[in-house]
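When a ligand or atom number is given, it counts from 1 through the structure's own listing order. Values below: every heavy atom of this structure, side chains too, minus hydrogens, waters and symmetry copies.
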Amino acid sequence: MTRTLSLLTPSGRLTLGSYLGALRPMSRRQEDAFYGVSDLHAMTTEHDPRLLRAYADETAALFLATGLDRATLFRQSHVPAHAQLAYLLECVATTGELNRMIQFKEKGRGVDSTRVSLFTYPALMAADILLYRPAQVPVGADQNQHVELTRDLALRFNRRYGEVFTIPEVVTATDGTARVMDLLHPTRKMSKSADAAGSVCLLDPPDVVRRKVARAVTDSDTGPDAVRAERETKPGVTNLLDILAACGGSADGITTYGALKRAVTDAVVAELEPVQKRYAELAADPSHVASVFAAGAARCREVTAPVVAAAQTALGL
Ligand code: AMP
């Protein structure tokens, strides 16, 4: 088994998409795994400190509630090596390549003034990865460009200053991991920062799940085979079918959108129930979550210190 690394940014409440696309696959792969709450990444745009802390606490507890009990869990800000190495990598990156980052262009579009950290974010992400020397980095297609940049920076550093970094292989997640779309805008990814009416939050109680799914956008097809997957022409129905399958349900015999939505609601509620139950127990005992993350951060500090030290030495520090 090769080392793996995954970070979730606490920029909002985690959704069914975060669960099916990240947390559930992470829970199935915990040997030599480092899973972090990337709180530093949640500060690249205007943020509220109290909300950041609340989202980070919720994300940390949800890591445990979704069964991540064998991986090393940590908060990025508790492992200073992330910010340290990010600066060293900024000294290797160029403004030209950071300017080409799609995420910077998109989030900065039409905005007079953006935080410098939005621009330098890819260097921090490169540091996140290179510090742990993972052989492979599983990424969604939207993060491909960042991981490619990480490889470029590591290769450039190694060539210019000496072999310090392991060059990670990018593996695009094509293992059937569900990509969950927004219920109201089914051509957009369900995201934690979007309109909550189209996103099912992991901690939404059953009646809220029911209401959100009931309002999900479908189409005006009323034919006998209306309930079928066809991503281009029927994105809403396809998304509901994907969610149903990912939550262990079946659309066999379902011919109406009303019945489909009821089946989706039941499957989602059943899938989330054990997570929510465990979350409630953990919320009653926050010191347990804190101690797991403190031990994880201590381990991360140990693992990452030699990498920072080697980079510093190579650079002449
Ligand atoms: P994000 O929340 O956008 O920072 O994404 C963190 C990770 O969660 C991504 O790399 C995805 O693997 C996963 N993820 C987030 N939203 C979704 C979604 N709607 N569908 C599938 N996976 C998702």
Side-chain angles (χ1 to χ4, degrees), residues 4-29 33-45 47 52 55-56 58-60 62-63 66 68 71 73 75-76 101-104 106-107 118 121-122 124-125 128-129 134 136-148 150 168 170-204 212-213 216-217 231 235-236 238-247 264 268 271-272 275:
T4 189
L5 170 85
S6 226
L7 300 180
L8 265 72
T9 304
S11 53
R13 310 198 66 193
L14 294 188
T15 69
L16 183 65
S18 325
Y19 174 70
L20 296 175
L23 286 166
R24 196 173 67 175
M26 284 154 68
S27 72
R28 293 171 177 162
R29 167 78 176 83
F34 288 79
Y35 293 143
V37 178
S38 41
D39 44 7
L40 298 177
H41 287 299
M43 296 170 34
T44 55
T45 51
H47 81 286
L52 172 57
Y55 289 148
E58 186 177 292
T59 304
L62 278 170
F63 272 22
T66 51
L68 302 183
L73 307 183
R75 292 194 195 210
Q76 187 188 28
M101 290 287 131
I102 293 161
Q103 194 158 314
F104 175 66
E106 283 179 354
K107 286 197 184 169
L118 182 67
Y121 158 93
L124 178 58
M125 185 168 160
D128 297 335
I129 295 171
Q136 295 187 329
V137 183
V139 288
D142 49 351
Q143 290 296 326
N144 241 332
Q145 195 190 20
H146 286 129
V147 185
E148 287 301 337
T150 302
V170 184
V171 282
T172 309
T174 50
D175 53 355
T177 300
R179 183 169 157 86
V180 182
M181 310 308 277
D182 190 282
L183 297 177
L184 296 182
H185 307 279
T187 53
R188 291 208 298 248
K189 199 175 88 160
M190 183 181 285
S191 93
K192 45 191 173 353
S193 40
D195 179 1
S199 291
V200 173
C201 295
L202 262 182
L203 296 175
D204 277 345
K212 288 180 176 174
V213 174
V217 166
R231 194 160 301 283
T238 306
N239 189 36
L240 290 174
L241 287 167
D242 283 349
I243 293 173
L244 181 60
C247 293
V264 169
V268 170
E271 185 71 33
L272 298 189
V275 173

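Here the closest heavy-atom approach between residue Q76 and residue D128 is recorded as NE2-OD1, 3.0 Å.
Partners of F63 according to the ring pair (Phe, Tyr, Trp, His ring centres under 6.0 Å) rule, which considers only residues two or more places apart in sequence or in another chain, do not exist here. For the side-chain contact (heavy atoms from CB on, under 4.5 Å) test, residues two or more places apart in sequence or in another chain that qualify with T66 are Y19, L23, L68, V275.
A donor-acceptor pair under 3.5 Å links the side-chain atoms of R24 to the main chain of A246, judged by distance alone.
Numbered from 1 in the order shown, with element, the atoms of ligand 1 that lie under 4.0 Å from a heavy atom of R179 read 20 (N), 21 (C). Those atoms of ligand 1 that come under 4.0 Å of a heavy atom in M190, given as number and element, are 16 (N), 18 (C), 19 (N). Residue G17 has at least one heavy-atom neighbour below 4.0 Å for each of these atoms of ligand 1: 14 (N), 16 (N), 17 (C), 18 (C), 19 (N), 20 (N), 21 (C), 22 (N), 23 (C). Residue contact check: A22 has heavy atoms under 4.0 Å from atoms 7 (C), 8 (O), 13 (C) of ligand 1.
Of the polar atoms of K189, at least one N or O is found under 3.5 Å from an N or O of ligand 1, judged by distance alone.
Electrostatic pairing of D182 and K212 does not count as a salt bridge here, judged by no charged N lying under 4.0 Å from a carboxylate O.
For K192, every heavy-atom contact with ligand 1 shorter than 4.0 Å involves the side chain, none the backbone.
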